[in-house]
**Student:** 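Shown below is the structure under consideration.
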Amino acid sequence: MVAVLRYLTAGESHGRALMTILEGFPAGCPLVAEDIDAEMVRRQGGYGRGGRMAIERDRVTIMAGVRRGYTLGSPLGFLIRNRDWPNWEAVMAPEPGDPGDPIRRPRPGHADLAGAVKYGHHDLRNVLERASARETAARVAAGAAAAVLLAEMGVRIISWTHALGDVAMDPDRVPTGRTPEEAWEDWRTREAATDLRCPDPGAEEQMIAAIDAAREAGDTLGGVIGAVALGVPPGLGSHVQSDRRLDGRLAGAVTAIQGIKGVEIGEAVANARRLGSLVHDPIHPGPVGRTFPVRPTNRAGGLEGGMTNGEPVVVHAHMKPISTLRRSMESIDLDTREAVLAHHERSDVCAVPAAGVVVEAAMALCLADAFLEKFGGDSLCEIRRALQHYREGL
Ligand SMILES: Cc1cc2nc3c(=O)[nH]c(=O)nc-3n(C[C@H](O)[C@H](O)[C@H](O)COP(=O)(O)O)c2cc1C
């Protein structure tokens with residue numbers, strides 16, 4: 001299945017810049033660089049990040065697809081310059097034939113070894129520069145545009161740090177609100193005052209202590225990101241073909257984020273251990289004047305049969321600990337085959353809060369694609385009309 005909304009990114013971690021092309025975005029949607037920059041800032045934050053984030057001040061330049069603050073229907077092009085580039089120019093752009101100082105000690109858990117074998121690279125920097133999650137800045141730019149489109153349709157995505165290492169938040173503190181807009185605005189305001197994007201201050205304090213202890217030990221941490229899409233109409237995705245199922249598409253988009261190794265939709269893990277009668281969400285008649293049925297619970301996480309069912313789409317993304325450790329792990333020197341410690345370079349101790357912003361972007365891109373598939377339209381007003389007609393039919 002070819003996506004309606006497609007994107008590509010380019011750029012190395014310490015190269016000149018990152019680039020994004022977003023194709024299939026409708027015309028007539030308001031979009032300014034500030035919408036995207038706000039997400040860039042969120043992606044850079046979070047206690048536990050490394051020195052790089054103190055150097056970068058990510059700002060996007062909209063290179064194509066927008067005129068007078070509105071999208072044109074042509075591909076959107078974004079550029080994010082790397083402020084760190086001048087410090088790396090000699091390493092990243094040496095004279096042709098200059099062997100430099102090749103990296104030959106692959107890090108367990110990173111792309112170094114597999115990438116070098118696959119592409120025949122001698123210098124592992126040729127792999128790690130692109131494998132680095134610096135790429136997610138370009139993905140977040142695309143996701144920010146998709147989120148603006150979804151917001152125009154009344155859909156809001158929020159995420160939070162659910163667990164970090166073995167510290168978990170109180171699940172009753174998951175951000176909510178009367179409307180998608182209210183929930184989004186409320187959490188955005190509260191989130192700005194947190195260190196880790198965790199809605200449970202007590203748990204956040206313990207998470208910070210866990211990061212400090214890991215840093216002290218030269219070690220790293222992962223965690224769990226919670227995310228929800230609110231205001232999603234029923235019927236996005238489809239049951240008719242495996243590659244059209246939205247659960248698979250969402251899981252694919254989220255696990256394609258660097259370091260995310262598991263994704264749970266709804267209460268999938270607990271559901272697998274329960275009786276069916278305690279899992280499936282009953283279907284009740286809607287209140288008078290509202291004909292669409294209501295669901296008293298949402299253990300399915302808003303997805304049944306590969307389609308949205310009108311309930312919030314709930315995802316938990318499981319991130320492994322960062323693989324670049326200051327107390328380097330066992331590896332080998334690829335030249336001598338001797339046992340050595342792995343290469344180390346400036347790195348985050350924990351990037352779960354930042355990864356949450358990337359999860360939002362991945363979900364926004366996936367849901368916006370499913371939206372355009374269902375409601376078509378080359379322009380925002382066509383999509384709005386189709387959505388309104390569909391909602392009336394519900
Ligand atoms: C926002 C974010 C920041 C990350 N920062 C680092 C980092 O500083 N050092 C590191 O080794 N890995 C970092 N990672 C994870 C690696 O990029 C990832 O583990 C690596 O590319 C190998 O891919 P895989 O873990 O998906 O197999 C980060 C991931 C994300 C989402």
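Just so you know, these numbers come straight off a predicted model, no measurement behind them. Order of listing sets the numbers, starting from 1, for every ligand and every atom in it. Every heavy atom of this structure was used, including side-chain atoms; hydrogens, water molecules and symmetry mates were not.
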**Student:** Between K320 and ligand 1, does any nitrogen or oxygen pair lie at a separation below 3.5 Å?
**Tutor:**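 Indeed, backbone or side chain, K320 has an N or O that close.
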**Student:** Which protein heavy atom lies closest to atom 1 (C) of ligand 1, and at what distance to 0.1 Å?
**Tutor:**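 Sorting protein heavy atoms by distance from atom 1 (C) of ligand 1 puts A354 CB, 3.9 Å first.
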**Student:** I want to confirm something. Looking only at heavy atoms, which of I257, I322, D348, T255 is nearest to atom 8 (O) of ligand 1?
**Tutor:**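 The residue whose heavy atom sits nearest atom 8 (O) of ligand 1 is D348.
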**Student:** Pick, from G109, A351, A131, G259, the option with the minimum heavy-atom distance to atom 22 (C) of ligand 1.
**Tutor:**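 Closest candidate by heavy-atom distance is G109.
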**Student:** Measure the OG1-CH2 distance between T194 and W160 for me, rounded to the nearest 0.5 Å.
**Tutor:**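 Reported value, rounded in 0.5 Å steps: 13.5 Å.
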**Student:** Is any side-chain heavy atom of M153 less than 4.5 Å from a side-chain heavy atom of L380?
**Tutor:**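 They are in side-chain contact.
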**Student:** Judged on heavy-atom distance to atom 11 (O) of ligand 1, which of T324, V349, V127 sits nearest?
**Tutor:**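 Considering heavy atoms of T324, V349, V127, the nearest to atom 11 (O) of ligand 1 sits in T324.
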**Student:** Looking at M319, which atoms of ligand 1 are within less than 4.0 Å of one of its heavy atoms?
**Tutor:**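 Under 4.0 Å from M319, ligand 1 has these atoms: 29 (C), 30 (C), 31 (C).
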**Student:** Against P26, only a single residue in L5, D378, L149 fulfils side chain to side chain contact (heavy atoms under 4.5 Å, CB included); can you say which?
**Tutor:**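 Testing each of L5, D378, L149 against P26, the sole residue satisfying side chain to side chain contact (heavy atoms under 4.5 Å, CB included) is L149.
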**Student:** Taking 4.0 angstrom as the limit and counting only heavy atoms of K261, give me the atoms of ligand 1 inside it, by number and element.
**Tutor:**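 This gives 24 (P), 25 (O), 26 (O), 27 (O) as the contact atoms.
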**Student:** Ligand 1 and S132, any nitrogen or oxygen pair closer than 3.5 angstrom?
**Tutor:**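 No.
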**Student:** Determine whether V358 and R43 make a side-chain contact, defined as any pair of heavy atoms from C-beta on separated by less than 4.5 Å.
**Tutor:**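 V358 vs R43: side chains touch.
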**Student:** Tell me the nearest of G46, A137, A133 to atom 4 (C) of ligand 1, using heavy-atom distances.
**Tutor:**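 When every heavy atom of G46, A137, A133 is considered, A133 comes closest to atom 4 (C) of ligand 1.
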**Student:** Check if R346 has a non-hydrogen atom at a distance under 4.0 Å from any atom of ligand 1.
**Tutor:**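 R346 does not count as a contact of ligand 1 under the 4.0 Å cut-off.
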**Student:** Charged N to carboxylate O below 4.0 Å: is that the case for R178 and D186?
**Tutor:**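 No.
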**Student:** When you compare the side chain of Y47 with that of C350, does any pair of heavy atoms fall below 4.5 Å?
**Tutor:**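 They are not in side-chain contact.
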**Student:** Take every heavy atom of S323, measure it against each atom of ligand 1, and state whether any distance is under 4.0 Å.
**Tutor:**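 S323: in contact with ligand 1 (<4.0 Å).
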**Student:** Just to be sure I'm reading this right: ignoring hydrogens, which of S347, C350, G222 gets closest to atom 7 (C) of ligand 1? Compare them by their nearest heavy atoms.
**Tutor:**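 Of the listed residues, S347 has the closest heavy atom.
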**Student:** Just to verify, which of H284, E304, H280 counts as forming a side chain to side chain donor-acceptor pair (under 3.5 Å) with R295?
**Tutor:**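 By the side chain to side chain donor-acceptor pair (under 3.5 Å) criterion, R295 pairs with just one of H284, E304, H280: E304.
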**Student:** Report the nearest protein non-hydrogen atom to atom 20 (C) of ligand 1: residue, atom name, distance rounded to 0.1 Å.
**Tutor:**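 So the nearest neighbour among protein heavy atoms is H110 CE1, 3.4 Å.
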**Student:** Only heavy atoms of Q258, strictly under 4.0 Å: list the atoms of ligand 1 that pass.
**Tutor:**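 Those of ligand 1 that fall under 4.0 Å from Q258 are 16 (C), 17 (O), 18 (C), 21 (O), 26 (O), 29 (C), 30 (C), 31 (C).
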**Student:** Flag the pair E204 and R190 as a salt bridge only when some basic side-chain nitrogen lies within less than 4.0 angstrom of an acidic carboxylate oxygen.
**Tutor:**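 Salt bridge absent between E204 and R190.
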**Student:** Strictly below 4.0 Å, N to O, side chains only: are R49 and D348 in salt-bridge contact?
**Tutor:**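 So R49 pairs with D348 through a salt bridge.
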